Q: 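Below is the structure I would like to discuss, written out as C-alpha cells.
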Amino acid sequence: MGIFDWPAPAFDWLDALMADQLGPLGRIIAWSVICAIISMALYAVLSPQKRIKKVKADVADSRKAMADDDGEDFGEGMRLAKAQLGHSLKLVGVILIPAVVASVPALAMLVWLDGQYGYSCPMPGTQTTISAMPENANVEQIGARPVSENGGACPIVRVSTSTDNGQSDVVIPLQAPVPVIGHKQWWNTLIGNPAGYLPDDTAIQQIRFDLPPQEIISVGPSWARGWELTFFVMLILVSLAIKKGFRIE
C-alpha cells in the first residue's frame, strides 16, 4: 500500500454506505462533489486570500498600463512588461503551494476511484486475453480467484520464459482488477498496485490483462462511459460554483 492509498479504507466504507441508495453514476457524482468541497475548502483556508486579491489587482493594473502605453518609449514599454511579468509570477508563487497541498486529498481519491471503478474481473468461466514481456514468454491461465462482489473472477496465470540460467516460471494470482502487473518500483511507495507485483528474481518484466472496463453510463462513445469523464466534468462545475459562490480568489 502506498502513501496515497492510506485513505482507501475510509473511501471503501463511505462508498458502501452510499451504495444502499445510489447506483454507480450517482456515487461518482457524489464523489466529485465531495472532492470539490474538500479541495476548495482546503485551498480557501491555506491560501492568503487578501494577498491574492491585492496581487490580482496589481496584475490587472499592470495589464491596463501596458494596454494604455502608446509604445513610443521603448524603455517605458520594457519597464511595464517587466512589471506585469513580476506581478504574474508573484501571483503564481502565492497560489502554488496552497493549490498543491489542497490537491493531495483529490489525488488520493483519484487513485482509489481508478481502482474501484476502472476495471472488472471477467465473469467466471471467461478466458482473459493475457500478454507478457518479454514477448517470448509463454502465458497460460490456470485458474481463477474466488468470485468478487461484482461477480467477476480474477485470473490466475502461469508465465514462463527462457533465460541464460534456464527456464523461469512464475504463478501470479491477480488480486484486484488492475490490467498491469510488474516489478515493484520506487513510485509504488506513493501509489501501490492492489493487483500485486512480480517477484524481484523473475525474468518476467510485465504481465498485461485485457480486463473489461466498467461502464458508469450505457450511452455514448466507449471513452465517455467510464467514471473519468463524469467525475471530472462534475468536479470542474462544482469547483467553479464553490469558487464563485464563496468568492474564493
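Keep in mind the model is a prediction, meaning the values are calculated, not measured.
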Q: Report the C-alpha distance between Ile248 and Tyr43 in whole Å, list the side-chain angles of each, state the deciding distance to 0.1 Å, and finish with yes or no for side-chain contact (heavy atoms from CB on, under 4.5 Å).
A: CA-CA 9 Å; Ile248 300 173; Tyr43 174 76; 3.7 Å; yes
Q: Show the nearest heavy-atom pair for residues Val94 and Pro48, with the distance to one decimal.
A: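 For Val94 versus Pro48, the nearest heavy atoms are CG1-CG, 3.6 Å.
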Q: Can you pull the salt bridge (charged side-chain N to carboxylate O under 4.0 Å, His left out) pairs that have at least one residue in residues 232-249, sequence neighbours excluded?
A: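 Pairs touching residues 232-249 that pass the test: Lys56-Glu249.
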Q: Tell me, please, which residues at least two apart from Val170 pass side-chain contact (heavy atoms from CB on, under 4.5 Å).
A: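 Here the qualifying residues are Val159, Ile172, Pro199, Thr202, Ile204.
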Q: With sequence neighbours left out, write down each residue that passes disulfide bond (SG atoms under 2.5 Å apart) with Cys35, or none if nothing qualifies.
A: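 Disulfide bond (SG atoms under 2.5 Å apart) check on Cys35 returns nothing, list empty.
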Q: If a pair satisfies salt bridge (charged side-chain N to carboxylate O under 4.0 Å, His left out) and one of its residues is in residues 21-46, list it, with sequence neighbours excluded.
A: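 Every pair satisfying salt bridge (charged side-chain N to carboxylate O under 4.0 Å, His left out) with a residue in residues 21-46: Asp15-Arg27.
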Q: Once salt bridge (Lys or Arg N to Asp or Glu O under 4.0 Å) is applied, do any residues pair with Lys90, and if so which ones, sequence neighbours excluded?
A: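 For Lys90 there are no salt bridge (Lys or Arg N to Asp or Glu O under 4.0 Å) partners, ignoring immediate neighbours.
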Q: Atom CD1 in Ile29, atom CD1 in Ile34: separation rounded to 0.5 Å?
A: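 Rounded to the nearest 0.5 Å, the CD1-CD1 separation comes out at 12.0 Å.
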Q: Just to verify, what does Val101 make a side-chain contact (heavy atoms from CB on, under 4.5 Å) with, not counting sequence neighbours?
A: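 Checked Val101 against side-chain contact (heavy atoms from CB on, under 4.5 Å); matches are Leu46, Ile97.
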Q: Closest heavy-atom contact between Ser120 and Gln214?
A: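 Here Ser120 and Gln214 meet closest at OG-CG, 3.1 Å.
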Q: Less than 4.5 Å apart, side chain to side chain, heavy atoms only: is that true for Met109 and Leu113?
A: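 Yes, their side chains come closer than 4.5 Å.
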Q: List the residues meeting side-chain contact (heavy atoms from CB on, under 4.5 Å) with Ala30, not counting sequence neighbours, and say none if there are none.
A: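 Scan of Ala30 (side-chain contact (heavy atoms from CB on, under 4.5 Å), adjacent residues dropped) gives Met18, Leu22.
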Q: Please tell me whether Tyr117 and Leu14 are part of a single hydrophobic cluster in this structure, the criterion being side-chain heavy atoms less than 4.5 Å apart.
A: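 Yes, Tyr117 and Leu14 fall within the same hydrophobic cluster.
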Q: Could I get the full list of salt bridge (Lys or Arg N to Asp or Glu O under 4.0 Å) partners for Lys54, not counting sequence neighbours?
A: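 With neighbours one apart ignored, the set is Asp58.
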Q: Is Tyr119 close to Pro179 at the side-chain level, that is, under 4.5 Å between some pair of heavy atoms?
A: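 A side-chain contact exists here, since the closest heavy-atom pair is under 4.5 Å.
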Q: Just to verify, what does Trp31 make a ring pair (Phe, Tyr, Trp, His ring centres under 6.0 Å) with, not counting sequence neighbours?
A: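 Partners of Trp31 under the ring pair (Phe, Tyr, Trp, His ring centres under 6.0 Å) test: Phe11, Trp112.
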Q: Between Ser47 and Ile52, what is the shortest heavy-atom contact and its length?
A: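 Closest approach of Ser47 to Ile52: CB-CD1, 3.8 Å.
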Q: Is it possible for you to say whether Met40 and Ile38 belong to one hydrophobic cluster, with membership spreading through side-chain heavy-atom contacts below 4.5 Å?
A: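 Same cluster.
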Q: Using only atom types and a distance under 3.5 Å, with no angle test, would you say the side chain of Ser103 pairs donor to acceptor with the backbone of Val100?
A: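 Answer holds: yes.
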Q: If I compare all heavy atoms of Leu211 with all of Pro177, which pair ends up nearest, and what's the gap?
A: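 Heavy atoms only, the tightest pair is CD1-C, 3.6 Å.
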Q: CD/Glu215 to CG/Leu25 distance, rounded to the nearest 0.5 angstrom?
A: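 Taking CD in Glu215 and CG in Leu25, the distance rounds to 12.5 Å.
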Q: Only pairs under 3.5 Å count here: list side-chain donor-acceptor contacts from residues 184-197, not counting sequence neighbours, and write none if there are none.
A:
| from | atom 1 | to | atom 2 | distance (Å) |
| --- | --- | --- | --- | --- |
| Gln185 | NE2 | His183 | O | 3.4 |
| Asn188 | OD1 | Gln185 | N | 2.7 |
| Asn188 | ND2 | Ile191 | O | 3.1 |
| Thr189 | OG1 | Trp186 | O | 2.7 |
| Asn193 | OD1 | Ala195 | N | 3.0 |
| Asn193 | ND2 | Val180 | O | 3.0 |
| Tyr197 | OH | Asn193 | N | 2.9 |

Q: Please table the atom pairs, donor to acceptor, closer than 3.5 Å between any side-chain atom in residues 218-240 and protein atoms at least two apart or in another chain.
A:
| from | atom 1 | to | atom 2 | distance (Å) |
| --- | --- | --- | --- | --- |
| Arg225 | NE | Gly220 | O | 2.8 |
| Arg225 | NH2 | Gly220 | O | 3.0 |
| Ser239 | OG | Leu235 | O | 2.7 |

Q: Is there a path from Val178 to Phe209 through hydrophobic residues (I, L, V, M, F, W, Y) whose side chains come within less than 4.5 Å of each other?
A: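 In one cluster: no.
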Q: Please tell me if the side chains of Phe4 and Leu110 come closer than 4.5 Å, counting only heavy atoms from C-beta onward.
A: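 In short, these two side chains do not touch, never coming nearer than 4.5 Å.
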Q: Walk me through whether Ile207 and Leu198 qualify under side-chain contact (heavy atoms from CB on, under 4.5 Å).
A: CA-CA 9 Å; Ile207 305 176; Leu198 293 173; 3.7 Å; yes
Q: Are Trp6 and Trp13 connected in a single hydrophobic cluster, I mean Ile/Leu/Val/Met/Phe/Trp/Tyr linked by side-chain heavy atoms less than 4.5 Å apart?
A: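 Shared cluster, no.
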Q: Where is the tightest heavy-atom contact between Thr128 and Asp210, given as atom of each residue plus distance?
A: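 In this case the closest contact between Thr128 and Asp210 is CG2-O, 3.7 Å.
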Q: So Ile130 and Gln141, do their side chains get closer than 4.5 Å, heavy atoms only?
A: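 Yes - at least one pair of side-chain heavy atoms lies under 4.5 Å apart.
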Q: Run Gln206 and Ile181 through side-chain contact (heavy atoms from CB on, under 4.5 Å) and show every step you take.
A: CA-CA 6 Å; Gln206 190 181 86; Ile181 291 181; over 6 Å; no
Q: Can you sort out the partners of Arg158 under salt bridge (Lys or Arg N to Asp or Glu O under 4.0 Å), two or more places apart, ordered by chain and number?
A: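 With neighbours one apart ignored, the set is Glu140.
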Q: Identify the heavy atoms of Pro105 and Leu42 that sit nearest to each other, and give their distance.
A: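 Looking at all heavy atoms of both residues, the shortest contact is CG-CD1, 3.5 Å.
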